[in-house]
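Below you'll find the structure, written out as structure tokens, and then a few comments.
Sequential numbering from 1 along the given sequence is applied to the chain's residues.
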Amino acid sequence: MPPRASKYDPYRTFKFRVRLGEATVAGVTKVSALGRTVTPTELKEGGDMLAPRQNPGAVSYDEVVLEWGLSLDRTFEEWANAVTRLQADPADPAVKGFKRTVYIDVYDLDGNPADRSSKPVFTYKLHRCWVSKYTALPALDAASSGIGIQSVTLRHEGWERVV
């Protein structure tokens, strides 16, 4: 690969890796965008004839959706099951780790996500994630030649860029 023309060139979006803690989850093919919204709050002062002033208020984070091809890997299924068991039996030992840290590593064109020695150009850390929606089995269609896609929707308490 030729070197990048500039450190300001945009990175491609197809070289990434998703990790739950330190364990890499194989097969994730799509990650939704990371977003956050700051709700404005209005501040009115007595005697101020101008429009109300606006200050930043509460911060909310968008859900993150991970998708992968239908496979025998049960990593996300077990995690989603822990969240549902939380309501039924909070004392169940499987429930203990229902909130987990998720890392999203992004690589440049020369980097290889499968190679552990390859370093990502940046990494985002999602704090205290839990599965709010799990699609275990996609719609089945005998007339289709497409592949099945499983997905999880993650709620989290914020993200930060760590690399």
*Any chance CZ of Arg155 has more than 12 other-residue heavy atoms, nucleotides or ligands included, within less than 6.0 Å?*
no

*State, to 0.1 Å, how close Gly148 and Pro138 come at their nearest heavy-atom pair, and which atoms those are.*
CA-CG, 3.6 Å

*What is the ring orientation for His156 with Tyr61, classed by angle as parallel under 30°, tilted 30 to 60°, or perpendicular over 60°?*
tilted

*Gap separating the OG1 atom of Thr101 from the CZ atom of Arg128, nearest 0.5 angstrom*: 7.5 Å

*Taking Asn81 for the side chain and Glu77 for the main chain, is one N or O donor matched with an acceptor at less than 3.5 Å?*
yes

_Determine whether Thr135 and Ser151 satisfy the following criterion, side-chain hydrogen bond (donor to acceptor under 3.5 Å, both in side chains), listing intermediate values before the conclusion._
CA-CA 5 Å; Thr135 304; Ser151 68; 3.3 Å; yes

*Tell me, with the steps shown, if Leu154 and Trp79 meet side chain to side chain contact (heavy atoms under 4.5 Å, CB included).*
CA-CA 11 Å; Leu154 304 178; Trp79 187 16; 3.7 Å; yes

*Kindly compute the distance separating CD1 (Ile149) from NZ (Lys30), expressed to the nearest 0.5 Å.*
9.0 Å

_Ignoring hydrogens, what is the shortest heavy-atom contact between Gly146 and Ser144? Give both atom names and the distance._
N-OG, 3.1 Å

*Shortest non-hydrogen contact from Val28 to Phe76?*
CG2-CE1, 4.1 Å

*Can you tell me how far the CD atom of Glu160 sits from the CG atom of Leu34, to the nearest 0.5 Å?*
12.0 Å

*Calculate, to the nearest 0.5 Å, the distance between atoms CZ and CG belonging to Arg17 and Asp105 respectively.*
4.5 Å

_Strictly distance-based, threshold 3.5 Å: is any side-chain N or O of Thr153 a donor or acceptor partner for the main-chain N or O of Ser132?_
no

*Shared ILVMFWY cluster between Leu126 and Leu66, side chains joined below 4.5 angstrom?*
yes

*Would you kindly confirm whether Val31 and Leu70 end up in one hydrophobic cluster when ILVMFWY residues are joined by side chain heavy atoms under 4.5 Å apart?*
no

*Following the transitive rule for hydrophobic clusters with a side-chain heavy-atom cut-off under 4.5 Å over Ile, Leu, Val, Met, Phe, Trp and Tyr, establish whether Val106 and Val64 coincide in one cluster.*
yes

_Step-by-step side chain to side chain contact (heavy atoms under 4.5 Å, CB included) determination, Val163 to Lys119_ = CA-CA 10 Å; Val163 172; Lys119 300 290 183 203; over 6 Å; no

*Apply side-chain hydrogen bond (donor to acceptor under 3.5 Å, both in side chains) to Lys99 and list each qualifying residue two or more places apart in sequence or on a separate chain.*
Glu157

*What about Phe122 and Val102, same hydrophobic cluster or not, with Ile/Leu/Val/Met/Phe/Trp/Tyr joined at side-chain heavy-atom distances under 4.5 Å?*
yes

*Thr41 side chain to Asn55 main-chain N or O, any donor-acceptor pair under 3.5 Å?*
yes

*asked:* Could you measure the distance from the CZ atom of Phe98 to the CG atom of Leu86? Nearest 0.5 Å is fine.
replied: 5.0 Å

*For the side chain of Trp130 and the backbone of Arg100, is there at least one donor-acceptor N/O pair under 3.5 Å apart?*
no

*Might you confirm whether atom CZ of Arg74 has over 12 heavy atoms from other residues, nucleotides or ligands at distances under 6.0 Å?*
no

_Applying a strict under-4.5 Å side-chain criterion to I, L, V, M, F, W and Y, I'd like to know whether Tyr103 and Val25 cluster together._
no

*Of the non-hydrogen atoms in Gln150 and Ala136, which two are nearest, and what is the gap between them?*
NE2-O, 2.8 Å

*asked:* Measuring from atom OG of Ser32 to atom CD of Glu67, what distance do you get when rounded to the nearest 0.5 angstrom?
replied: 8.5 Å

